[in-house]
Amino acid sequence: MANARAFAFPKSARLLSRRDFLTVQDTGLKVSADCVLALAKRRATGAIETRIGFTVSSKVGNAVVRNRVRRRLRQLVRTRRHELPKGLDMVLIARNSAATAEWPAFVRAFDRVTSELKKRFPPP
RNA sequence: GGAGCAGCCCGGGUGAACGCCGGCCACUGCAGGACGGGGUGGCGGGAGGAAAGUCCGGGCACCGCAGGGCAGGGUGCUGGUUAACGGCCAGUCGGCGCAAGCCGCAGGACAGUGCCACAGAAAACAGACCUCCUGUCCCGCGAGGGGCAGGGAAGGGUGAAACGGUGCGGUAAGAGCGCACCGCGCGCCUGGUGACAGGAGCGGCACGGCAAACCCCACCCGGUGCAAGAGCCAAUAGGGGAGCGUCUUCUCCGAAAGGGGCAGACACGGGCGGCCCGCCCGAUGCUCCCGGGUUGCUCGCUGCUUGAAGGCGUCGGCAACGGCGUCUCUAGAUGAAUGUUCGCCGCUCUCCCGGGAAACCGGGAGGGGACAGAACCCGGCUUACAGGGCUGCUCCAGCG
RNA sequence: UGCGGGGUGGAGCAGCCCGGUAACUCGCCAGGUUCAUACCCUGGAGGUCGCAGGUUCAAAUCCUGCCCCCGCGA
């Protein structure tokens, strides 16, 4: 059943409230990669699923640009979510350069974030 | 063929892989008193002409509203149109353009107040710096200069603007002093619903400009906004603090001190969501302050023949628009869906190769493809926009 | 989503209401003073008044439409 929808990205795998964003941003671990800034924190209880939220501020561009950046980030997370460590809360913040970045730049940035997080949060 | 004006329309298409939001249906099975929630599958739907800016106008919702007045805001040629508008349509006037057309916050300056820098003699009510003319006196051989009395405002100069303009006559010099044309004012006639236009006449020039200065006039406007508001809701929960006056008549309890009740007066406080008059309220209740709880959920919200809805046809109207008939049903998110990646086709630009005298044709490679993302819903306005299409019209040139 | 404030030499700010000359401080340049520097004294340069259009004889100022920055409430 899990294989049938391996690339799904339902709401249960996303951060949805302002409180969650703030705790991750205040106490989480920073990983910087080109056009993206990632923040991660291990979830308090023994939850398995990694939850991810996106932040694209108005400094990045107008509404069309912001939507495109957020959809590309979500596409990355959707297809390669299984590569990330389990049981984390993450926030991906788009930098200003994300407005003009091409698709390969997003892929390289995600590679950096993934390898860095695997070092910081090794599987038990 | 070139240059230009106006109006309308389009805003890439298609395929694969993997996804997101919502609706309906089926199966599954979690919880169970019930509403419900999860998973899987199937079938439909899923951004714009400006969705933008938030500049106006409405719908809808709550609050307020006996009545009156004052503030405040808006609009501003006329007539229509509309749910309404600062929008739109038609016309008038003024300006620009050879023209098609375009632009205009375009009421009132004898209701009042105010301002008009610098320059200039003088800046709004008339006045006279240089000067012109007449008479007379003085100085000087003379040319001429000066004083006084009077007439005049044509000429010079300053300015954005100088108290009608141009021409002819007239005069000592001049002056609407007279005449013609133009401008201005007044009433009359004609046309028009009206703004206004045209005509003949009279007056003999008085009444400078600025109201996108205060203002006056006419008309319009209650406030706040879907985080409105309603339900789940039991809750006006439970808790702490402060305030609720004075005097008088009558009366009740009491031996008295004092306490209570009704009514009135004067204050005080509160409410009437801009203010005032005015009105209402003030003792098992009311008002204010402190403090506590809420990642709240659902409806509103997106269609039940819906809705100031859209398409087509027809009728009325110059048109905006309206009547009738018929067809269509068209996104509903809430850390916020409507995509991401890779191909192909079409458009366009550059380069290379081949053919050709050239226009061009065939093949290959590379690049470009705008402005911009619904957030309660409509009607407008304004602003941004690669490229393309259609219709009508104007001017110029050539040919027939 | 509603509302408020601001944009003036390189920097900070007046002037705007009530139209006519853009003032001040710091900084910059030149000269003086000093053996030299600083302080001080004298003189000078430097501003499309955010952009566009309009009203007016005349606009930083008044009106209209845009752009940008900052702040506040729900």
Original post:
Roughly how far apart, to the nearest Å, are B:rA50 and B:rC381 at atom C1'?
Top reply: 12 Å
Original post:
Is there a donor on the side chain of A:Thr55 or the base of B:rG335 sitting less than 3.5 Å from an acceptor on the other?
Top reply: yes
Subject >> Separation of B:rU334 P from A:Arg70 CZ (nearest whole Å) >> reply: 12 Å
Review item, nucleotides 369-373 of chain B N/O atoms under 3.5 Å of protein N/O:
residue, atom, partner, partner atom, Å
B:rG373, OP2, A:Ala63, N, 3.3
B:rG373, N7, A:Asn67, ND2, 3.0
B:rG373, O6, A:Arg71, NH1, 3.3

**OP:** Can you tell me the distance, in whole Å, between the CG atom of A:Asp89 and the P atom of B:rU295?
**Re:** 18 Å
**OP:** Mind telling me if B:rA234 is syn or anti? Syn here is a glycosidic angle within 90° of 0.
**Re:** syn
**OP:** Check whether the side chains of A:Arg78 and A:Gln75 place a donor and an acceptor atom closer than 3.5 Å, and report yes or no.
**Re:** yes
Original post:
Would A:Asp89 and A:Arg51 pass as an ion pair if we require N to O under 4.0 Å?
Top reply: yes
Original post:
Does OP1 or OP2 of B:rU338 have a side-chain N or O of A:Arg74 closer than 4.0 Å?
Top reply: yes
Subject >> Inter-nucleotide C1' distance (C:rG7, C:rC13), Å rounded >> reply: 13 Å
Original post:
For A:Arg78 and B:rU340, is the shortest distance between a side-chain N/O and OP1 or OP2 below 4.0 Å?
Top reply: no
**OP:** Please state the C1' separation for the pair B:rC281 and B:rU287 - nearest whole angstrom.
**Re:** 11 Å
**OP:** Report the residue (A:Phe54 or A:Gln75) whose heavy-atom-nearest nucleotide on RNA chain B is the more 5′ of the two.
**Re:** A:Phe54
Original post:
Charged N to carboxylate O under 4.0 angstrom, A:Arg112 versus A:Glu116?
Top reply: no
Original post:
Is A:Val60 reachable from A:Val64 through a run of I, L, V, M, F, W or Y residues, each pair having side-chain heavy atoms under 4.5 Å apart?
Top reply: no
Original post:
Can you check B:rU330 for me, syn or anti if syn means within 90° of 0?
Top reply: syn
